[in-house]
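Each remark here refers to the structure printed beneath this line.
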Amino acid sequence: MSIDNIETTRRLFKGVEERDVSGVLAAYDPSIVIRDAALLPYGGVHYGLKGAKQHIEGAAQTWNHLQPEAQRKMDAVFLNAGEYVVVLWRLKGLEASSSRTLDLPVASVYKMRGGKIIESQMFYSDTVAIREFLTGNT
């Protein structure tokens, strides 16, 4: 089952990189709980597929103009941890008008059940730097 868990999280990341909302939602169990940094515009706790869709759409609205295709690649490394999958990845951004960039490490932990993600938690290395990048204060 842990191989299936890795494949599910790979599909999740592929969906995020390709901005495929239905692909992302397909990785989640209907009872998904997503915890993201409250400091971010799309952060907080999101419940169920409706909450997951709001989270995805909020993140896309925040990042689409800052992530041309090259910045969407997250360079993810997937680690099998039994009923959990840990993913180490990069959050990247580019503000074309100023050439400001962002490239920070992130760790995400996904709790799995039946080949689906039931809990998601992101751990950013520097949420202040992300917020400053998003508000143009870097």
Side-chain angles (χ1 to χ4, degrees):
M1 183 59 78
S2 58
I3 299 286
D4 292 339
N5 292 345
I6 294 287
E7 287 310 309
T8 297
T9 54
R10 283 186 196 279
R11 285 192 307 273
L12 170 74
F13 273 70
K14 181 179 180 190
V16 171
E17 290 175 344
E18 295 177 355
R19 301 303 197 254
D20 175 10
V21 173
S22 61
V24 171
L25 291 175
Y28 293 143
D29 183 86
S31 64
I32 181 70
V33 177
I34 299 171
R35 293 177 182 85
D36 209 341
L39 185 64
L40 301 177
Y42 49 88
V45 181
H46 305 273
Y47 298 95
L49 294 177
K50 182 178 178 182
K53 187 171 187 236
Q54 291 171 340
H55 179 255
I56 295 162
E57 290 171 347
Q61 182 178 7
T62 299
W63 289 102
N64 277 350
H65 68 287
L66 296 169
Q67 290 181 326
E69 196 168 327
Q71 267 61 41
R72 292 181 186 179
K73 183 75 174 132
M74 295 185 280
D75 304 324
V77 176
F78 300 85
L79 306 171
N80 180 359
E83 72 175 313
Y84 293 89
V85 174
V86 176
V87 183
L88 307 175
W89 55 281
R90 308 291 303 184
L91 176 62
K92 300 174 190 174
L94 169 66
E95 184 180 61
S97 63
S98 69
S99 298
R100 290 182 318 116
T101 61
L102 178 75
D103 186 351
L104 294 173
V106 182
S108 295
V109 178
Y110 301 95
K111 185 174 183 179
M112 311 296 294
R113 182 175 59 219
K116 296 281 190 173
I117 299 168
I118 62 170
E119 291 181 19
S120 170
Q121 172 86 49
M122 277 60 74
F123 299 93
Y124 300 93
S125 62
D126 190 344
T127 53
V128 172
I130 297 167
R131 183 71 179 167
E132 288 175 351
F133 178 79
L134 293 174
T135 60
N137 292 329
T138 58

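Everything numeric here is computed off the predicted structure, so don't read it as measured data. Each residue takes its place number in the sequence, starting with 1.
Using a 4.5 Å heavy-atom cutoff, the side chains of Val45 and Tyr47 are in contact. By the 4.5 Å heavy-atom criterion applied to side chains, Asn80 and Val85 are not counted as neighbours. Counting heavy atoms from C-beta outward, Ile117 and Ile32 have side chains that approach closer than 4.5 Å. With contacts defined as side-chain heavy-atom distances shorter than 4.5 Å, the pair Glu17/Leu12 does not qualify.
Here the shortest heavy-atom pairing between Ser108 and Met122 reads OG-CG, 3.4 Å. When all heavy atoms are compared, the tightest approach of Ser125 to Pro105 is OG-O, 3.1 Å. Taking each heavy atom of Gly115 and Asn5 in turn, the nearest pair found is CA-OD1, 3.9 Å. In plain terms, the two heavy atoms of Arg100 and Gly136 that are nearest each other are NH2-CA, 3.5 Å.
In the displayed structure, Lys116 atom NZ is contacted under 6.0 Å by more than 12 heavy atoms of other residues, nucleotides or ligands. Other residues, nucleotides and ligands contribute more than 12 heavy atoms inside 6.0 Å of the CD atom of Glu57.
Interatomic distance, CZ of Arg19 versus CD1 of Ile56, reported as 11.0 Å (0.5 Å rounding). We find the CZ-CD distance between Arg72 and Glu69 to be 7.0 Å, quoted to the nearest 0.5 Å. From Met74, atom CE reaches atom CD of Gln67 across 8.0 Å, with rounding to the nearest 0.5 Å.
Partners of Ile118 under the side-chain contact (heavy atoms from CB on, under 4.5 Å) rule, at least two apart in sequence or in another chain, are Asp29, Lys111, Arg113.
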**OP:** Tell me, with the steps shown, if Leu49 and Tyr28 meet side chain to side chain contact (heavy atoms under 4.5 Å, CB included).
**Re:** CA-CA 7 Å; Leu49 294 177; Tyr28 293 143; 3.8 Å; yes
**OP:** Show your reasoning for whether side chain to side chain contact (heavy atoms under 4.5 Å, CB included) applies to Met112 and Tyr110.
**Re:** CA-CA 6 Å; Met112 311 296 294; Tyr110 301 95; 4.1 Å; yes
**OP:** Could you walk me through whether Thr101 and Asp103 pass side chain to side chain donor-acceptor pair (under 3.5 Å), step by step?
**Re:** CA-CA 7 Å; Thr101 61; Asp103 186 351; over 6 Å; no
**OP:** Any chance you could lay out the side chain to side chain contact (heavy atoms under 4.5 Å, CB included) test for Thr62 and Leu134, step after step, and finish with the verdict?
**Re:** CA-CA 8 Å; Thr62 299; Leu134 293 174; 3.6 Å; yes
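With hydrophobic clusters built from ILVMFWY side chains whose heavy atoms lie under 4.5 angstrom apart, Val77 shares a cluster with Val86. In this structure, Leu91 is not a member of the same hydrophobic cluster as Leu94, with clusters built from ILVMFWY side-chain heavy atoms closer than 4.5 Å. A continuous path of ILVMFWY side-chain contacts below 4.5 Å connects Ile130 to Leu66, so both sit in one hydrophobic cluster. Under the 4.5 Å side-chain heavy-atom criterion for grouping Ile, Leu, Val, Met, Phe, Trp and Tyr, Leu104 is not connected to Leu88 through any hydrophobic cluster. Hydrophobic clustering, with ILVMFWY side chains joined whenever heavy atoms are under 4.5 angstrom apart, keeps Trp89 apart from Tyr84.
The closest donor-acceptor contact from the side chain of Thr8 to the backbone of Ala27 lies at 3.5 Å or more, if one exists at all. Not a single donor-acceptor pair under 3.5 Å links the side chain of Ser99 to the backbone N or O of Glu95.
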Determine all donor-acceptor pairs shorter than 3.5 Å in which one atom belongs to a side chain in residues 33-43; sequence neighbours excluded.
| unit_1 | atom_1 | unit_2 | atom_2 | d |
| --- | --- | --- | --- | --- |
| Asp36 | OD1 | Tyr124 | OH | 2.7 |
| Asp36 | OD2 | His55 | NE2 | 2.8 |
| Asp36 | OD2 | Tyr124 | OH | 3.3 |
| Tyr42 | OH | Trp63 | NE1 | 2.9 |

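If you check the side chains of Arg90 and Gln71, you find no donor sitting under 3.5 Å from an acceptor.
Salt bridge Asp75/Lys92: present, at least one basic N to carboxylate O contact under 4.0 Å. Taking 4.0 Å as the cut-off between side-chain N and carboxylate O, Glu7 and Arg10 count as a salt-bridged pair.
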